[in-house]
Every structure is written in C-alpha cells, then in structure tokens.
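Here the structure is a predicted model, which means the values were calculated and not measured. Note that ligands are numbered from 1 as they come in the structure, with each ligand's atoms numbered from 1 the same way.
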Amino acid sequence: MNTADLLVQCLENEGVKYVFGLPGEENLHVLEAIKNSSIRFITTRHEQGAAFMADVYGRLTGQAGVCLSTLGPGATNLMTGVADANLDGAPLVAITGQVGTDRMHIESHQYLDLVAMFAPVTKWNKQIVRPSITPEVVRKGFKRAQTEKPGAVHIDLPENIAAMPVEGKPLHKDNVEKTYASFASIRAAAAAITHAVNPIILVGNGAIRAKASDAVTQFVTQMNIPVANTFMGKGVVPYTHPLTLWSVGLQQRDFITCGFDRTDLVIAIGYDLIEFSPKKWNPDGKIPIVHIGAISAEIDSSYIPIVEVIGDISDSINEILKLADRHNKPNPYAINLRTNIRADYEEHAHDDGFPIKPQKLIYDLRQVMGPEDIVISDVGAHKMWIARHYHCHSPNTCIISNGFAAMGIAIPGALAAKLVYPDRKVVAATGDGGFMMNCQELETALRIGTPFVTLIFNDGGYGLIEWKQENHFGPGNSSFVHFGNPDFVKFAESMGLKGYRVESAVDLVPVLKEALEQDVPAVIDCPVDYRENRRFSQKAGELNCMT
Ligand SMILES: Cc1ncc(C[n+]2csc(CCOP(=O)(O)OP(=O)(O)O)c2C)c(N)n1
Ligand SMILES: [Mg+2]
C-alpha cells in the first residue's frame, strides 16, 4: 500500500461516494487508488466545475463534497469553487497533486505553494508531509469541513509522498454530541419575545444546516410572528405558510424592508451575516436582536444581540416555546405587508409580453416544479429575481450562492443535485454570461447520465451590472456589458443535448415540461425582458412604508 491508497481508504471511511476532478501527472497515484476503490470518479472539463460540484454536493448532503486537481494550473482553476464553498458554508475537501518534496525549494516546473495559495479560501489546509500522518490529516480535514460553520478544507499531496509505501488505517469517526443552550439564555430570549410588540423572525441557512425547519415552523405558528428568510434560507418555513414574508436581502429597498423598519425585536435564527449585512436593516444598531444559532454571533456594529442562544437550534426553539407567552395577535401591519408582497408576486403571472418578464418566467418555473424539485440559480439579475420570486416548500430546493456569489455555479451545481437526488427534477437557472462560464460541464452531465434542464435568461449581456450602472449613472448609461451569444439550440444539439428556444410567453410552460421529461440534459434559450430591472428599482425607490 502507498500513501495514495491509504488516502483513498480514508476517503471511503468518511463515506465519500464521488470525487469530482481532472487528472494530471501529479495525481496519477491517487487516480489509480480511486480506480481500485468503491468511489466513483467524475471526470470534469474544468477544475472549477469539479469544485462547484463538490460545493453543491456538500451543501445538499451536509457531507463534504470532494474535488481533485493536479498542481499549479489545475489548482488555480479549482480555487473559485473552493472559495464559494468556504463563503457559502458548504462542506468541501479539495485535494491537489503537488511536485515532490525534493523540488519545492528551487524554481520548478508548475510549482506553486498551494498551501499558501489556498489558505485564504479555506478553513484549514495542510500538506501531507509524511505518509503516516495521512489518516489524521484526512479525519481532521473532514471534521473541520463539516463542523459548524462548515466550509472548505484543502489537502496537498506531493507526488513522491503519494508513491511511498505506508502502513496504517483510517481513524474512527468520533461521536459529536449536540450542544444545548444555557437555561439563562433561553429564559432571557423567551422574556424578550414575550414582551416584544412587533417582532420579526429572520431565518438563514444555518437553520437549514441544522435541519431545524420543523422547529422554526412550529415557532412561527405558535408565536404568531412573521418570518422572513435570507436567499439561502428559502424553504425553512414553507412559502405557503400565512406568516411568511418570503425572501429578504436585495441591496435596495423592497416591501419586506418595511417589516424591519417597524420592528422592535429581530429574532435571528441560523442567520449568516455574510448574506445580508445587518447594516442594511439595522443601520444605527438600535433594533434589539435575539440570536439563535449553533455558534456565537459574528461581530458587527449593527448586530449586537441582547441575548445569544447558542446550541442545537431545534432544541433551543423548543425550550423557548415552553417559556414564551404571546397572546397578542400578530401585528396587522405584517398581514398587510404579506398582502402587498403576494400581490407583487402575482402581478405578472399572466403577462404574455415577449421577451418574457423575469417575474413571469419564474412564476411559470414554479408551476412546473414539484415541491421537492430543485432549482440551482447562477449569479446575476436572474438571481435577484429568483430570490424575490421563486419560493420553496422545503429547504435546499432552491440553491443560491449568496456568500461568495460566483457566476458559473448553476450547471455544475445542477449535476451534483441530480447525482444526490436522481428522482427529482433539477433546473439550472442561469444568465447567458454565467452559462458560458461552465457550459462545458453539460458534456460531463451527458456522459455520466445526469439529465437536468438548463434555463438561460438571455439578455445578451451582463444584466446585473447593466442594472447597477443604470441605477448609478442613469437610464441608458451602461458600458462594457453587452456581448453576442452562440445559437444556444445548435450549441446544445452539437453536444448531443436537447435544445429549445422559447418564442412566445405561452411557450414557456410546455417547453419546460417537455425539457424536464428528456433523458439527456436539455438547454432552453429564453429571451428575457430586463427593462423590468429598472422598473423595479423605480418602484422600490418610491416605496412608502407608512401606507
Ligand atoms: C465569476 C464572477 N465574475 C464576475 C462577477 C460579477 N457579476 C455579478 S453578476 C454579473 C453579470 C451576470 O451576467 P449573466 O450571467 O448574463 O446574468 P444576468 O445578470 O444577465 O441575468 C457579473 C459580471 C461574479 N459575481 N462572478
Ligand atoms: Mg445576461
């Protein structure tokens, strides 16, 4: 047995089913070891795709997704997806090949100090400097990646170490017990909740990671308190619940902002500040906050909780429920707000304008997707519309990157989602810009048999940036944001995929339905009317929270 064999045994011990990656000379031994293992290697067309696949796999399962690259250029390609996992709180382990330890001290072909390079985009990273430490490095790596707040870990394996003989076996996984909040913190939180006049709940991805959906929904119902979710907190409370105010987190004002303007207590549950800065909803730091989470609150001058309830989230909520007493009805203002938000959602439901308005596009997408089906959003104007308008029945059914927010995640992410849930429908919703960043992974999807639908919001440009430019510099004032596109239908067909073009608003639902029935990946080119972006900004700018 060599070190590479032992490394792969350790991966098996961690329950790894897939390694996403791209081969190179410096990881030959690892690939050979994977070939002889129970793990399936998924060969990708770019290391970035491999890292995004591992990222979304980790986010959906809570088990670290694993990606592999060679040294130098392979490793630099891997970094974006690794950084995405780290800032989105997704468990991921990246393994890189490396030159031998005998040539790291001199100018060496393709050599970069990868431990130094990955340090800022990981929670922890190390080089395997001698064969015998492999089980400890791997166990520690997985433990770090998977423990709250999850993130990315990097392991660097020099090729001479990989080939060295070794004895040893994987370490046992330790039993990590739940931690429970102190009684004092629960009592203080319950008192604050009891006395608040107009509280609001803000729920984030931490509640999904902690599988606290049932407890949060129970809390909302029993306490009669309205709840908003961050982009990454969709589905914690089903969107049909009468007290949900849906997603918050646009950088500009929106209906939901009014809920925060009027509140006298924010109950933040599993809220990650990275997604939506508290400075946006609590600029002068005056709103009292109860922080309920698995770990202590991040420091921010706008986020200094009056009490932190730290421990298993479901348990904390259940204990608070035993002590809190709210006989007063929910504020009628919150109910009005809900009515306004819903009216806005439905405003374009039957709009047959073409190119299709983003609101209508997303409304139709929701109609064809079942409650457990999964949408993976890319990053751009379409993401903002998905965040506002695509609502979820359950957690992890709309994946949005809102920590790192890297374009190019949707297609590799959808492939990973289809691997995890082969029986669910999966849609990669992407801009035309993001599509061209990782569309090569559609070949990977075809080859490994993961059919999903890629829905392109086609505006011939970097729509979100155009939107921001126009907000800053006035209508018509945008620069460097337009480009040409290939014929996406022919492009898809040339790869052996199904290609569709939406030619009118009424086409979209039947095209989506047909595309979702295919047994190969399908691509839908859908022209989108982004004049709605500016319209929305105007409407939001005129929003008067006092009505
Ligand atoms: C990798 C990466 N590069 C650049 C950006 C900055 N950025 C954010 S959105 C956006 C435009 C996205 O364009 P497209 O994919 O066509 O989506 P649209 O906004 O048109 O819906 C850009 C350039 C980013 N988030 N990620
Ligand atoms: Mg675009």
Considering distance alone, does some N or O of [X] sit under 3.5 Å from an N or O of ligand 1?
{"X": "F457", "value": "no"}
{"X": "A381", "value": "yes"}
{"X": "F483", "value": "no"}
{"X": "D459", "value": "yes"}
{"X": "G380", "value": "no"}
{"X": "A405", "value": "yes"}

- request: Assess whether atom NZ of K126 is packed by more than 12 heavy atoms of other residues, nucleotides or ligands within 6.0 Å.
  value: no
message: So for atom NZ, which belongs to K17, do other residues, nucleotides or ligands contribute more than 12 heavy atoms lying within a distance under 6.0 Å?
response: no
So, [X] and [Y], do they make that salt bridge, N to O below 4.0 Å?
{"X": "K513", "Y": "E517", "answer": "no"}
{"X": "E347", "Y": "K539", "answer": "yes"}
{"X": "D529", "Y": "K360", "answer": "no"}

What do we get for [X] next to ligand 1 when only non-hydrogen atoms under 4.0 Å count, side chain, backbone, both or neither?
{"X": "Y530", "value": "side chain"}
{"X": "Y462", "value": "both"}
{"X": "D432", "value": "both"}
{"X": "T80", "value": "neither"}

message: Please report whether the ring centroid of Y345 lies less than 6.0 Å from that of W246.
response: yes
- request: For residues F20 and F52, establish whether the separation of their ring centroids is below 6.0 Å.
  value: no
Taking only heavy atoms of [X] into account, list the atoms of ligand 1 that are under 4.0 Å away from them.
{"X": "G431", "value": "14 (P), 15 (O), 16 (O), 17 (O)"}
{"X": "H382", "value": "17 (O), 18 (P), 21 (O)"}
{"X": "L464", "value": "9 (S), 19 (O)"}

message: If we only consider heavy atoms of V379, is any one of them less than 4.0 Å away from an atom in ligand 1?
response: yes
Ignoring hydrogens and geometry beyond distance, is a side-chain donor-acceptor pair present between [X] and [Y] at under 3.5 Å?
{"X": "Q440", "Y": "N438", "value": "yes"}
{"X": "E25", "Y": "T70", "value": "no"}
{"X": "T96", "Y": "D156", "value": "yes"}
{"X": "Q359", "Y": "E532", "value": "yes"}

- request: Could you check L361, I356, N458 and say which one makes a side-chain contact (heavy atoms from CB on, under 4.5 Å) with V528?
  value: L361
Atom of D432 nearest the Mg ion (ligand 2) (restricted to N/O/S, atom name only): OD1
task: Name whichever N, O or S atom of D459 ends up nearest to the Mg ion (ligand 2).
output: OD1
Please list the nearest protein heavy atom to [atom] with its residue and the distance rounded to 0.1 Å.
{"atom": "atom 20 (O) of ligand 1", "value": "G463 N, 2.8 Å"}
{"atom": "atom 14 (P) of ligand 1", "value": "G433 N, 3.5 Å"}
{"atom": "atom 15 (O) of ligand 1", "value": "G434 N, 2.7 Å"}
{"atom": "atom 22 (C) of ligand 1", "value": "M407 SD, 3.3 Å"}

query: In terms of ring plane angle, is the pair F491 and F488 parallel, tilted or perpendicular, where the classes change at 30° and 60°?
result: perpendicular
message: Closer than 2.8 Å to the Mg ion (ligand 2): does that hold for any N, O or S atom in G461?
response: yes
